[in-house]
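Below, read A as the first sequence line, B as the second, and so on, with proteins coming before strands; counting in each chain starts at 1. Values in this document were obtained by computation on a predicted structure and should not be read as measured data.
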Amino acid sequence: MRNQRLTLWLLLAMLVIATNSVFYFKILSGPSHEERNITVILRSSNVRIDFWQAVNMGAEAAAKEMGFTIKVVGPLSESDSDTQIQLLEEAIERKPQAIVIAPIMNDRMRSTLFKANELGIKLVIINMSPDKLPSHVVVSSDHIEGGRLAAQTSVEQTAGYAVIAMISDNANSIVSEERLQGMQSELAGYKDSSLLGVYYADNSEDRAYQIANKLIQSNTRFNTFITLNESASQGVARALKEQDRVDDINLIGFDSSSDEVQLLESGIMKSSIVQKPFNMGYLGVKTALNLIDGDTTEPITYIDSNVITKGNMFTAENQKLLFPFINSK
Amino acid sequence: MLKKRFPIPLFPLKSIQSNISLAFSLLILAAIVLTSLVSFQVSVTTVEKNSKGYIEEIIKQVNLNIQSYVDNMENISLLALTNKDVKYYISDNSFISAEDRRTYEKQISDLFQAILYTRKDIASIMVFGYNGRFVSDRRITSLNPNTKLQEQEWYQMARAAGGKSVVTSPHVQSLIKNEYRWVVSLSRELKSTDGITAEGVFLVDLNLNVINDICSNINLGKKGYVFIVDKNGNIVYHPQQQLIDSHLRTEQITKVLQASSGDSFIVDNEEGKRIYSVQDTNFGWRIVGVANTDDLITSKSDLRNSIILYSLYGLVIPVLISIWLSHRLLMPIKELQSDMKQVEKGNFNIQTEIRQMNEIGQLGRSFNLMVSRTKFLMEETIANQENKRKSELLLLQSQINPHFLYNTLDSIVWMAEQKQHEEVVLMTSALAKLFRASITKDQELVPIQVEIEHITNYLLIQKMRYNDELNYVIDIDDAIHSYKTLKILLQPLVENAIYHGIRNMYGMEDGMITIRGRQSGDQVVFEVEDNGHGMTPEQQGRLLLSNTGDSRTQGIGIRNVNERIKLYFGHEYGIQIKSEIEEGTCITITIPKLD
């Protein structure tokens, strides 16, 4: 009887020690101390492409804020889909907890993404509309909203009577199509404004220049060019300058390369709809973290754009957008 | 009363040991929990205090660095201010020819260039005269045609400050064509020699890299950072300025503005507990260092975990010791308890071991005293009982069987009537001897010789009564004649043999009783054998059973003999009966050999 009780006590003590040491080590090796592992795959890691460098910076900022490091990779060229798929496959080999990717979309990419998804890697798609993708979360600029903003700006600048010629790259570009869609839906709200036509310049400055020249020289009455990419902006700006029509035809562009900044500054380009790539990188990584932690995440996070004009381009907020890098130039 | 006041007893467990262990454990637990909590709290406060000091120190350093850069720019501006060439060049006079201007421009530009060479952190130095002239550190400067000087913040600020130097927030400098640099501008209005007329604005641009490097190379833990606000609360520099602009992040601007220089405060919200440390520069910026407390030195959770671990060790070990101690303390009581159990079971030969003369030792001593006293009393009682029994038995054996006496006397009368005088004399004297032996009380033990005489007398009387029906043989080893035996040992057995064995025989002829006596080892063995009727096993059993059933005198006789032997000599001695129906009975008596 006496021994039994003593044994009981000892057992109890052992049990307490055992459970607590287990508990203790669980705290030490628990999720809070586990290395969080996120890979970011950009469309390009080229240091000369400001947009993706800003995405990179935003991603790094999120990582720093949460106290961990991320791996950022990407092909040199923005259209090198094979290299990007290869990078994605390498990333899958490393089995990160999440991959944040700005995919150059094609069928092979889609199936590779499905594969990653099946392996339980959380996927966050950035700069891409939610379209025919495996279960995922999207963080992207709202291109429809961008198009709407462009249309709205053009209407404001022409006191309600905008006639718009739009120069896009090609009909297959999802981004461009969404911008067009946004533009059209916005224009529908103004009875005195209209879309003259959509022209495709295929990323070629010369094609854009020719289209613009032809339009200017024709007798068509219009007062606004909206260009959906940088090369189109450049081509149209050249035509406007040469034809000396800068003052009566507004040019509204998208994004902000350094050339476009100068167009803005010189007043040739009246406005530019500028995305916020830093925010995209930041929110992409943050969303990935939420997915890892199992918090509720919105399926789509949209990032707004700013309308930049000559007048507001050097405000504290906008100069950060136009010149994201302190070290550049 | 007590029970009513404590519905739950103070010590709820059954054994004192468990109660003591429990009480110890609870006390230890309380003490450890208390000290752990206090030490955790103290450690955390100390760590936080140290961290605050550490951050303040770092921010002071940052402040000094930035201040020194600004001071340098100011010194450069003083250089320009006091330079005669500069003054002359921008002064509103017309006696400088176009060619002379080139010389001046070159000289000033050389000066600026020389300064710029020594200072990598300075992006550009320029002077703009209100007369429309300007000089920069470059030989050929093409200004950005789209940038209007009068609209620039640094220009406006310098004009408004009227001769004092002003510092702008970081901005993109777009003065020069195709150049967009992030800089911090220091500008100052230049006065003419009379010190009253304003003649131009001097500009020094500091690469923002410098401030960025200072701020981002500071180690304030993994998540720590530095930001700068101006006195109106506008953010001058923040590593996540874009997020703040997009309202994805907020910063504690109001609290920073409320704090005075050198102060720090703690913000604890969903982003974690952070320490903000604020320092003012003398040109209007507030530099703020932010560090996450979890990042600093030891993280709070590590601290908490190690305190929990050590207090666990500190709890378990004393608990084990307390169990062991209470076990040790109570061991004598438990021993005493088990010794008492032994006594309960009837073992009075126990003496408990006394280790120390403390309360328990005294208890043990009392117990020992009590047990020995009880044992003594018990022994005394047993002895008394035995004595009493012995005297009872003595009384019994001294009584002569009345039937025997009556029959014998009847035989004597009968023989006297027959005038058989000799037989009468023989029988009477034998009877007299028999009686004398019975009533001799002084001696319990008699030599075997005396016992033989006694049985001989008895058999003589019986032989005279039964004549030929009874034959007997006494065959006792001469060597044992001198040994002692209890008296009247054999007579009850012989009596039993006659009445139950021989008298019941059919025809009553040839009844034979054989009495043998010999020594066997250190024992003396008597045998009384008859060839009579014999006994069933039940009868045999009943013969030796004490005080039950058959109360006939004969039965009592053999039982008495057995009892007396055991009382006097111990339980290993006594009577054994061997009997076969129609064959006869043999009763064996074993007693010790006594001189």
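The side-chain heavy atoms of B:Gln242 and A:Met57, taken from C-beta on, include a pair separated by under 4.5 Å. Taking the side chain as every heavy atom from C-beta outward, A:Leu322 and B:Tyr180 never approach each other to under 4.5 Å.
Here the closest non-hydrogen pair linking B:Trp182 and A:Phe323 is NE1-O, 2.9 Å. Contact record, B:Arg249 with A:Tyr282: CG-OH, 4.3 Å, taken as the closest heavy-atom pair.
Take A:Glu265 and apply the salt bridge (charged side-chain N to carboxylate O under 4.0 Å, His left out) test, not counting sequence neighbours, and it matches no residue. Take A:Lys286 and apply the salt bridge (charged side-chain N to carboxylate O under 4.0 Å, His left out) test, not counting sequence neighbours, and it matches A:Glu65.
When the candidates A:Gly58, A:Ser266, A:Ala54 are compared by the number of heavy-atom contacts under 4.5 Å with chain B, A:Ser266 comes out ahead. Of the listed residues B:Gln240, B:Lys177, B:Glu151, the one with more heavy-atom pairs under 4.5 angstrom with chain A than any other is B:Gln240. Ranked by non-hydrogen atom pairs under 4.5 Å with chain A, the options B:Pro170, B:Ser326, B:Ser174 are led by B:Ser174. Note: B:Asp245 leads B:Thr147, B:Asp245, B:Val316 in heavy-atom pairs under 4.5 Å with chain A.
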Please tabulate, for side-chain N and O atoms in residues 292-299 of chain A, each donor-acceptor pair with protein atoms closer than 3.5 Å (sequence neighbours left out).
from, atom 1, to, atom 2, distance (Å)
A:Asp293, OD2, A:Arg36, NH1, 3.2

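If you take CD on A:Gln319 and CD on B:Gln241, they are separated by 8.5 Å, rounding to the nearest 0.5 Å. Rounded to the nearest 0.5 Å, atoms CG (B:Leu248) and NZ (A:Lys276) are 8.0 Å apart.
Contacts from residues 244-253 of chain A to chain B, taken as heavy-atom pairs separated by less than 4.5 Å, involve no residues at all.
Residue contact with chain A, scored on non-hydrogen atoms closer than 4.5 Å, involves the side chain of B:Asn144 exclusively. Using a 4.5 Å cut-off between heavy atoms, A:Leu283 contacts chain B through its side chain alone, with no backbone atom that close. Contact of A:Lys64 with chain B is made through backbone and side chain together, with heavy-atom distances under 4.5 Å. Residue contact with chain A, scored on non-hydrogen atoms closer than 4.5 Å, is absent for B:Ser169.
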| Passes side-chain contact (heavy atoms from CB on, under 4.5 Å), A:Phe314 versus B:Gln173? Steps please. | CA-CA 9 Å; A:Phe314 287 106; B:Gln173 184 62 278; over 6 Å; no
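A side-chain donor-acceptor contact under 3.5 Å links B:Ser246 and A:Asn279.
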